[in-house]
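Take a look at the structure set out below.
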Amino acid sequence: MNRINYLFNTKKERVLSIYFTAGFPKLEDTLPVMEAIQAGGADIIEIGVPYSDPIADGPTIQDSNLIALENGMSLKKLFEQLVGFRAKIHLPVVLMGYLNPIMQYGMEAFCKKCKEVGIDGLILPDLPMQQYLDEFKELFEEYGLFNIFLISPQTSEKRIREIDQNSNGFIYMVSSHSITGAKTGITEEQIAYFERVEAMNLKNPRLIGFGISDAETFTTASQYSNGAIIGSAFIKKIKDSQNLSQDIQDYLKGVKA
Amino acid sequence: MIRVDEKGFYGKFGGAYIPEMLHPNIEELRENWESIVASPEFQNEFQLLLRDFVGRPTPLYFASRLSEKHGAKIYLKREDLCHTGAHKVNNTVGQIILAKKLGKKRIIAETGAGQHGVATATVCALMGMDCTVYMGELDIQRQRPNVERMKILGAKVVPATSGSKTLKDATNEAMRAWINDPVGTHYIIGSVVGPHPYPEMVARFQSVISEEIKWQMMEKEGRENPDLVIACVGGGSNAAGAFYHFYNTPEVRLVAAEAGGLGVNSGKSAATTALGTPGILHGSKTILMQTEDGQVVEPHSISAGLDYPGIGPVHAHLFDIGRAEFVAVEDEDAMKAGIELSRLEGIIPAIETAHAIHALNMIEYSKNDVIVINLSGRGDKDLDTYIKWGGY
């Protein structure tokens, strides 16, 4: 069974997914950061594949992408780092990245490599549902990779249902009209949207991301979904950290408190 | 037959690779733009504004001294005489009417040389709409007069400070701004780039250029088709407009002048078809300059309007099937061609356009050929660059 399904079969509440950029803050930090996220008690690890032009990301993640690229990170390098990571990491691991670097790597070679190293799912923000269905669905399924779709407050009920039908793993609910890291806190308007989607009784679990940064926002988001995703706030925490492992674990403890 | 298919592809290129957050906006456009544009109300308003506000039709001018020098019959399609100084306004007039019909209140745009920014600020002023233009920090420095023009027209100019701080980054910022504020906002993309339906929509608004060339050719030469049409290509909106009604007329040679920068192999170039490979940029599959790892390469051109690492998907297709000839014109040669046109015809062209003039030296043609060069813009905005270059 895909580790993502296994997770949601056994845990339905307060699922915490942490995003970080591969090769950030230093090139060889990828695995230590993953280990610390696991030790800190998160449930899913989302590894960002750095890209020069991340159009859905705000300044914090843009900056981490740029630093990772300057550090020499690439998809090829990432797969080298990930060889054997399953000896240490049992959490579901999802790769989040933009299409272009993956296309250049070769879509099939990429999927094959994901399976080989032990990746469970993909979040590709610039791959819309139709393009996924037309071009990549079969390939992803062949290699056992879940494709995780985003929905936003603007997504119509009809489309949410279509996305639900074509999703596996979980649905990534973008909490507001925003790029990553742009807004913090949760407004009443957002809660109305969370409630609206909750009432739809979708077949897939939902995680809320964008604007989640601390115990309060994590708890609020978890009240209306199966949990939440933290990205920019986590990147800020580790950017200048002198003791990655400790700082990450302390931060996650605080979020889960 | 060269035309966009229903999924937004020209052959292998095009499509709409966009984050879900933009899906409703893109879908709204895709579903409505053609019927709105085809409606008599739209056409009445559009044609009236093109005539009385933009100043169309623009002349097809026989450049006798340039013709004599190059040994062909050369006509200049005078888009430089459009209001605001370039062809960009054809598209912004069309899109602003469309935005209004869709009930949008706020306009955002990206700009490279500032021509599209000025054209957008202009139509926003005309329609009383709120306007924010994203512009690379480097371009803000080298296109100061256009920045001030936008401000005079009441637009807000926001610097894009990421990456190379040029057009690509301004486009990223505009897309992010759209994601952040999608409701009630229309994004006026200035070139034939971006997710479907933008490339076709922008090309359609610019196609008035080749539409006019056809009847003007008939008046002056007694035939609709020139032997060659030459245009510069950054993203490729003026070229798309000048080529549009000739796409499927194979006897008309289409020549696209890209920015060679300091030389195609210098590492400082924006010659996309010479240096690029297929990939995805700004929502469409196209040809772009990138590393082996799929990171977008920072382009270079002396001309801000051509300083872009991709090209519109329709041009990628024209290149792919060999329908258009692509040449890479270097900075220095473009500048000299700008001076040549100034001295021979009394027209100081935009540096973008000067690339198309130099293309005359890079292709074969015969003395009897009728050549139309799309004179996409005037050089007023580039005086600083001409002065710094100094070779006149």
Side-chain angles (χ1 to χ4, degrees), chain A residues 49-59 62-63 65-66 68-69 72-78 97-106 110 123-132 134-135 149-156 159-160 163 171-174 176-180 182-183 210, chain B residues 6-9 14-28 30 160-164 168-185 194-196 276-286 288-298 309-310:
Chain A
V49 180
Y51 180 45
S52 54
D53 296 81
I55 55 167
D57 286 300
Q62 282 173 45
D63 192 42
N65 276 240
L66 198 67
L69 291 174
M73 184 42 76
S74 66
L75 205 42
K76 208 168 131 205
K77 177 75 191 166
L78 175 60
Y98 292 82
L99 272 181
N100 197 53
I102 299 172
M103 268 180 67
Q104 304 314 314
Y105 191 89
F110 169 78
I123 302 174
L124 307 172
D126 54 352
L127 178 61
M129 183 172 60
Q130 197 56 49
Q131 266 78 9
Y132 161 74
D134 291 349
E135 297 177 49
F149 288 106
L150 277 58
I151 62 172
S152 85
Q154 273 214 103
T155 313
S156 67
R159 187 162 168 90
I160 292 175
I163 285 173
I171 288 174
Y172 191 138
M173 282 181 68
V174 176
S176 62
H177 303 305
S178 87
I179 52 175
T180 57
K183 297 165 189 173
F210 291 41
Chain B
E6 63 186 41
K7 288 185 174 169
F9 281 85
Y17 298 86
I18 43 152
E20 185 61 31
M21 293 81 99
L22 290 178
H23 178 83
N25 295 61
I26 294 294
E27 200 56 14
E28 181 187 31
R30 195 184 63 79
T161 56
S162 57
S164 57
K168 163 181 86 92
D169 312 286
T171 309
N172 289 339
E173 284 313 315
M175 288 205 166
R176 288 179 186 126
W178 207 18
I179 293 173
N180 269 336
D181 195 0
V183 181
T185 303
H196 177 63
T277 49
I280 290 173
L281 181 66
H282 296 142
S284 62
K285 200 178 274 181
T286 186
L288 62 127
M289 291 164 52
Q290 56 185 323
T291 66
E292 241 179 53
D293 297 326
Q295 307 299 337
V296 183
V297 167
E298 309 290 358

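Numbers restart at 1 for each chain; the letters A, B, ... are given by sequence-line order, proteins then strands.
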Would you indicate whether the side-chain heavy atoms of [Y] and [X] approach each other to under 4.5 Å?
X      : Y      : answer
B/I18  : A/P128 : yes
A/Q62  : B/R176 : yes
A/I55  : B/P19  : yes
B/Q295 : A/Y51  : yes

> Is it true that the side chains of B/E292 and A/Q104 contain a donor and an acceptor less than 3.5 Å apart?
Replying inline: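 B/E292 vs A/Q104: no donor-acceptor pair found between side chains.
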> Looking only at side chains, do A/Q154 and B/N25 share a donor and an acceptor under 3.5 Å apart?
Replying inline: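 Checked: A/Q154/B/N25 side chains pair up, N/O donor to acceptor below 3.5 Å.
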>> Please check this pair: side chain of B/N180 against backbone of A/I179, looking for a donor-acceptor N/O pair closer than 3.5 Å.
In response: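 Present.
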> For B/H23, which residues count as a ring-ring contact (aromatic ring centres under 6.0 Å, His included) partner, sequence neighbours excluded?
Replying inline: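 For B/H23, no residue satisfies ring-ring contact (aromatic ring centres under 6.0 Å, His included) once neighbours in sequence are set aside.
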>> With chain A as the partner, which of B/S162, B/G15, B/A16 has the greatest number of non-hydrogen pairs under 4.5 Å?
In response: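 Among B/S162, B/G15, B/A16, the one with the most close pairs to chain A is B/A16.
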> What residue, out of B/M21, B/E173, B/K7, has the most heavy-atom pairs lying under 4.5 Å from chain A?
Replying inline: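 Of the candidates given, the most pairs with chain A belong to B/M21.
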> Which is it for B/K168 and A/D53 under the salt bridge (charged side-chain N to carboxylate O under 4.0 Å, His left out) test, yes or no, and what are the steps along the way?
Replying inline: CA-CA 9 Å; B/K168 163 181 86 92; A/D53 296 81; 2.7 Å; yes
> Where does A/L124 contact chain B at under 4.5 Å (heavy atoms): side chain, backbone, both or neither?
Replying inline: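 Contact with chain B: none, neither part.
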> So, B/E20 and A/R159, do they make that salt bridge, N to O below 4.0 Å?
Replying inline: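 Yes.
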>> Please rank A/S74, A/S152, A/P50, A/S52 by heavy-atom pairs under 4.5 Å with chain B and give me the top one.
In response: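 Among the listed options, the one with the most contacts to chain B is A/S52.
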>> Between A/L75, A/D134, A/L127, A/I102, who has the most heavy-atom pairs with chain B when the cutoff is under 4.5 Å?
In response: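 Highest number of heavy-atom pairs under 4.5 Å: A/D134.
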>> Run the salt bridge (Lys or Arg N to Asp or Glu O under 4.0 Å) test against A/D63 and tell me which residues pass, sequence neighbours left out.
In response: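 Per chain and number, A/D63 pairs via salt bridge (Lys or Arg N to Asp or Glu O under 4.0 Å) with A/K239.
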